[in-house]
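Notes follow the structure.
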2 protein chains.
Amino acid sequence: MASIRDVAQQAGVSPMTVSRVLNGGYPVKDSTRRRVLAAVKSLDYEPNLHGRGLRQARSRTVLVAGSGFVEPILDGIHKSAGELGYEVVLVHSPPQRADPAALSRRVRGGLAGGILFLNMIDEDAIRTLTALHPVVQCGSAADVPGTCTVTVDEERAAYELVERLVRQGRRRFAYVAMDLPGGPPSMTRRREQGIRRALAAQGLALEPERLVRMTHLRDDYAPALDLARRFAAMPEDVRPDAVVYDQNILAVACVNVLREAGLAVPGSVAVASMDDNPIDLVIQPTLTAVGRPYKAMGEEAMRMLVDRIENPEAPCRQVVFRHILEMRGSTDPA
Amino acid sequence: MASIRDVAQQAGVSPMTVSRVLNGGYPVKDSTRRRVLAAVKSLDYEPNLHGRGLRQARSRTVLVAGSGFVEPILDGIHKSAGELGYEVVLVHSPPQRADPAALSRRVRGGLAGGILFLNMIDEDAIRTLTALHPVVQCGSAADVPGTCTVTVDEERAAYELVERLVRQGRRRFAYVAMDLPGGPPSMTRRREQGIRRALAAQGLALEPERLVRMTHLRDDYAPALDLARRFAAMPEDVRPDAVVYDQNILAVACVNVLREAGLAVPGSVAVASMDDNPIDLVIQPTLTAVGRPYKAMGEEAMRMLVDRIENPEAPCRQVVFRHILEMRGSTDPA
DNA sequence: TTGAAAGCGCTAACAG
DNA sequence: CTGTTAGCGCTTTCAA
């Protein structure tokens, strides 16, 4: 593998000149530049990133940690990263076995300048790393004071969704809330709060038996199918007439199971998801969901992180985007 | 940020000793080791990975490139990587705008030792990079002679699926095949071949009007919904009685649309997917699909890649795993 | 506009 | 069991 000295030699210049040609920003005589570029090409030279990283002692790479890598968010992240001259590396960090130490090692080892958490619900990991490194959360946000976050207002989204459904005549609300070993994530708590407030405003309440806490399901969705079947089997005056889900796939399951059981959706039961997914548009009826301006959120989160890396003393910002209520067939009669 | 010399100084030893303590494999007096570790801890030292990488001129990191990062494959990859002492970074490479140059730059820049392609259908990118670097393909495999691949036998999977359906009495098969600007990927061609062979064996054929080529859909699934509606609207003697899909989400759409239109699934039409997804188990009826031993495939692919990196002269292996026909409600009456 | 020297942090090779 | 030397490839700094 050719090094910068090989290129320099072949071009008859010093390594410094090669460096200047490749990195730009310096005056180099045109004929020299051409000779250098020719040498680069003929030797198929590629700068060694360890050498560069070691010398510059700063990394133009960020880690994106999470598990469900939502395409449009990644698009936004890559867009900003490109504009700012940063590289993006994804690190698979599923909620229950995220490895904060490994992330930290990479940053402290100089391979990355900061961490962008994507829909990360492991709040301990976030807390730990936020104390050590430039960190931005995008999507779900742990309640860590003074953190940089890019979110939507989950409480308000839940409030507005429920308000709409109440106005459509729904009365017996169920909320299937995500639960984790350490208790529900703060995102879920905020949604629950929004639901309760919206109901209270109409003289209604979220009955305890209709608040279902369900572990974050990943492989086996049987508990969700069972729950939906139980809904279907309830006598009409007890059965919820509106069910709000944290996890999108569970809402999809619910729509399918209820219809299979002969219940009308949305006629007898309205189903909605606080999260959204392309699948929502292909099931029948289509699924009402809370959408987010993903691409813009990704772009903003990336800009924020770079800002934080290059300017660590500046105070953190919390950017809240407007959510989008996607009212669809599972709640609204055609 | 403390360097190895700070640690050495604090522990009253040479940097070399610190290095040996941290990297293991050398005899170090126990009392010395303890002093070093104490210094490491007190200074909160973390080795600089650029320094190490530069010196060792080899990277114990691999790139995993793809877009739909399937959880169990990643699990398998991480498992093998951990056992072999490798790090894994994911690089988001969506089919139509993968950036082979960026991948190559990382490898040639010394940041990674090889590339593991995950369900990558951009065959040009694969061809290019395979010629330059250690590469393993996992999942869909481009037809590049002499490549390392971990796959299932797509043709055989399609053959067996169709054979089963024919035996259940299906006659008018449709295949909704993935298409790309440069023509269908080889995976699709293999499946098509399997379907044709299976039909021919029973004196049937895949009629041209029932071979539907559909661009790889990502955001807007309207064409798939339209297609399903067209199926539903056909007179019974023309309508396919079995539809095989390349893209899982399109099959989900089909099941939902057909049922919405009042057609019985699987009574009137059987629907199956050559790909699988957790969603298949929650829709009703559940979706028949070709499953794969994902975790084992990920493990094997990672082992293969490391083997290739450390032993570039050895010939490539093509490992074929046994697929799993998951016959479910969308084809088999309960 | 170009070059020389120095050193980033680490470990291989050798010496003791 | 431990230390010394040297150098990986690059760019910062200083000099011309």
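By convention in this document, chain letters (A, B, ...) are assigned in the order of the sequence lines, proteins followed by strands, and residues within each chain are numbered from 1. A quick note: this is a predicted structure, and the numbers were derived from the prediction, not measured.
The salt bridge (Lys or Arg N to Asp or Glu O under 4.0 Å) search around A:D75 returns B:R97, not counting sequence neighbours. Looking at residues two or more places apart in sequence or on another chain, you find a side chain to side chain contact (heavy atoms under 4.5 Å, CB included) between A:T147 and A:T130, A:Q137, A:V144, A:T149. Under the side chain to side chain contact (heavy atoms under 4.5 Å, CB included) criterion, B:R5 pairs with B:S3, B:P15, not counting sequence neighbours. Residues passing the salt bridge (Lys or Arg N to Asp or Glu O under 4.0 Å) test with A:R34 are A:D30, sequence neighbours excluded.
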Kindly indicate, with the supporting measurements, whether the criterion side-chain contact (heavy atoms from CB on, under 4.5 Å) is fulfilled by B:H216 and B:I121.
CA-CA 10 Å; B:H216 189 224; B:I121 50 185; 4.1 Å; yes
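Evaluation of the salt bridge (Lys or Arg N to Asp or Glu O under 4.0 Å) test over residues 46-56 of chain B, restricted to residues two or more places apart or in two chains, returns A:R108-B:E46. Sorted by first and then second residue, the salt bridge (Lys or Arg N to Asp or Glu O under 4.0 Å) pairs involving residues 114-132 of chain B (not counting sequence neighbours) are B:E123-B:R127.
With 3.5 Å as the limit, one finds no donor-acceptor pair spanning the side chains of A:E71 and B:S67.
Recorded end-axis angle for the helix from C:dT1-D:dA16 to C:dG16-D:dC1 stands at 30°, based on five pairs per end and rounded to 10 degrees.
For the pair A:R35 (side chain) and A:A11 (backbone), a donor-acceptor distance under 3.5 Å is present. Remark: the backbone N or O of A:L129 is not paired with any side-chain donor or acceptor of A:H133 at under 3.5 angstrom. Listed for the B:D6 side chain is no donor-acceptor partner under 3.5 Å among the backbone atoms of B:A2. A donor-acceptor pair under 3.5 Å is absent between the side-chain atoms of B:S19 and the main chain of B:T17, judged by distance alone.
The aromatic rings of B:F69 and A:F69 sit perpendicular to each other, their planes meeting at more than 60°, with 30° as the lower class boundary.
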Counting only pairs under 3.5 Å, give me each side-chain donor-acceptor contact of residues 80-89 of chain B, with atom names and distances, residues two or more places apart or in other chains.
| from | atom 1 | to | atom 2 | distance (Å) |
| --- | --- | --- | --- | --- |
| B:S80 | OG | B:E299 | O | 2.8 |
| B:Y86 | OH | B:E310 | OE2 | 2.9 |
| B:E87 | OE1 | A:R106 | NH1 | 3.4 |

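Heavy-atom neighbours of A:N311 CG from other residues, nucleotides or ligands within 6.0 Å: above the threshold of 12.
Non-hydrogen atoms lying under 4.0 Å from DNA chain D are contributed by nothing in residues 99-107 of chain A. Less than 4.0 Å separates DNA chain C from no heavy atom of any residue of residues 29-42 of chain B.
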Where along nucleotides 8-16 of chain C does protein come under 4.0 Å, by heavy atom, of base (B) or sugar-phosphate alone (S), with - for untouched nucleotides?
BBBBBB---
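Close approach of DNA chain D to chain B, defined as any atom under 4.0 Å from a non-hydrogen atom of the protein, starts and stops at D:dC1 to D:dG9.
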